[in-house]
Amino acid sequence: MIRSAPRLSLLCLAALSGFALSAQAKEIRCEIESDYDMTVNERSVIFTRESGVPKAIVMRQGRLFVDDRWVQINNDDRQRLLDFERGARTAMPLAHEIGRDAADIAFTALGEVAASISNHPDRTRKSLDKARKAIDQGIARSISANRFNSQDLDKGIERAVGEVMPSVIGDIVGGALTAALTGDAARLERMDGLDKEVEARVAPRAKALEVRAEKLCSQMREMARIDNALAYRLPGGQALDLLEEKPDQSHTTGD
């Protein structure tokens, strides 16, 4: 399940930004996960899930609500909750910027490809512009300085990408096939140098995005650390475990 701010910002957009970022920026691994959806509003940080116990957890100005009641916590945990809430609100504007910029970089790269290869470059650009505006609107609705809703963002991006990507990819693939079958020398020549052209255009922005992505990951890791430090336990003795950082297994090899 995709349920945390960094994973949404960095991985939910992978279908869009992977093309643009793969050659220009190092891979950012920020595997922080949760069984919950997180919503941040003006008053509270809220965690909810459809199954499991507890189903709802609310942090509000250093207080903690679990399922159906406010619970007793010690002073250290009260400060931890305040720090967690502050961290969540700090992360949200950064997640908003990363989401918008990742999409914009990806669409810039796809626009360059479409202009050089597509049989219908104008139509493809219009489709990309439509999807980019839809994603911008979805990000604006779902992430702000004091609000984050993962379900809204997931659905908005999925809908925008699903509506436009099949036709865009079809136009680009069709253009490439046409060039190959007809021996369109001019278009084939443009295709030969396309990788370098796209890289030169998006590389500086991709590097800047990398820096902000690392900052967001650090913020989310700190929130996971605070979560792990909470002394409060559920009635059965379990920790809340709101956020979990997965170990980096990118260099793990099989026997």
Side-chain angles (χ1 to χ4, degrees), residues 1-34 37-41 45 83-112 128-129 131-158 160-161 198-227 242-248 250:
M1 286 184 286
I2 299 177
R3 291 291 186 265
S4 65
R7 192 163 181 185
L8 279 164
S9 299
L10 305 180
L11 301 184
C12 185
L13 287 168
L16 293 175
S17 59
F19 177 87
L21 302 180
S22 60
Q24 290 78 26
K26 71 181 182 183
E27 184 177 9
I28 306 295
R29 303 196 66 84
C30 191
E31 293 290 338
I32 298 175
E33 299 181 358
S34 177
D37 284 309
M38 182 173 72
T39 300
V40 181
N41 60 34
V45 176
D83 291 341
F84 190 102
E85 293 176 63
R86 189 179 304 112
R89 288 186 168 82
T90 298
M92 291 311 98
L94 190 56
H96 181 274
E97 293 175 6
I98 289 172
R100 289 196 64 180
D101 285 357
D104 191 60
I105 291 171
F107 281 120
T108 296
L110 286 171
E112 290 294 308
L128 290 170
D129 287 342
R132 178 158 51 186
K133 289 176 182 177
I135 288 177
D136 282 349
Q137 291 170 357
I139 291 173
R141 286 193 300 267
S142 305
I143 308 175
S144 66
N146 57 14
R147 182 178 183 274
F148 175 81
N149 188 285
S150 62
Q151 287 185 325
D152 287 352
L153 184 58
D154 280 347
K155 290 177 181 176
I157 292 175
E158 182 180 358
V161 173
V198 171
E199 181 176 354
R201 181 160 183 174
V202 305
R205 296 180 61 192
K207 295 299 291 183
L209 182 65
E210 175 189 319
V211 172
R212 283 179 291 168
E214 289 178 330
K215 183 178 179 181
L216 178 61
C217 283
S218 295
Q219 180 64 60
M220 294 302 296
R221 290 189 188 104
E222 175 61 15
M223 291 168 62
R225 185 197 66 76
I226 294 171
D227 172 39
L242 299 173
L243 300 176
E244 180 181 3
E245 183 174 4
K246 298 292 186 179
D248 184 356
S250 59

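- For the pair Arg205 and Asp101, the tightest heavy-atom approach, listed with the atom from each and the gap, is NH2-O, 4.2 Å.
- Taking both residues in full, the closest heavy atoms of Ala224 and Leu243 are given as N-CD1, 3.9 Å, listed atom of the first, atom of the second, then distance.
- Counting only heavy atoms from C-beta outward, the side chains of Leu216 and Arg212 never approach each other to under 4.5 Å.
- Taking CD of Glu210 as the start and NZ of Lys215 as the end, the distance is 15.0 Å to the nearest 0.5 Å.
- In this structure, CG in Asp83 is found 8.0 Å from CZ in Arg225, a value given to the nearest 0.5 Å.
- Closest non-hydrogen pair, Gln219 versus Ala91, comes out as CG-CB, 3.9 Å.
- Of all heavy-atom pairs between Phe84 and Asp227, the closest is CE1-CB, 4.3 Å.
- Going from atom CZ of Arg89 over to atom CG of Asn41 covers 7.0 Å, rounded to the nearest 0.5 Å.
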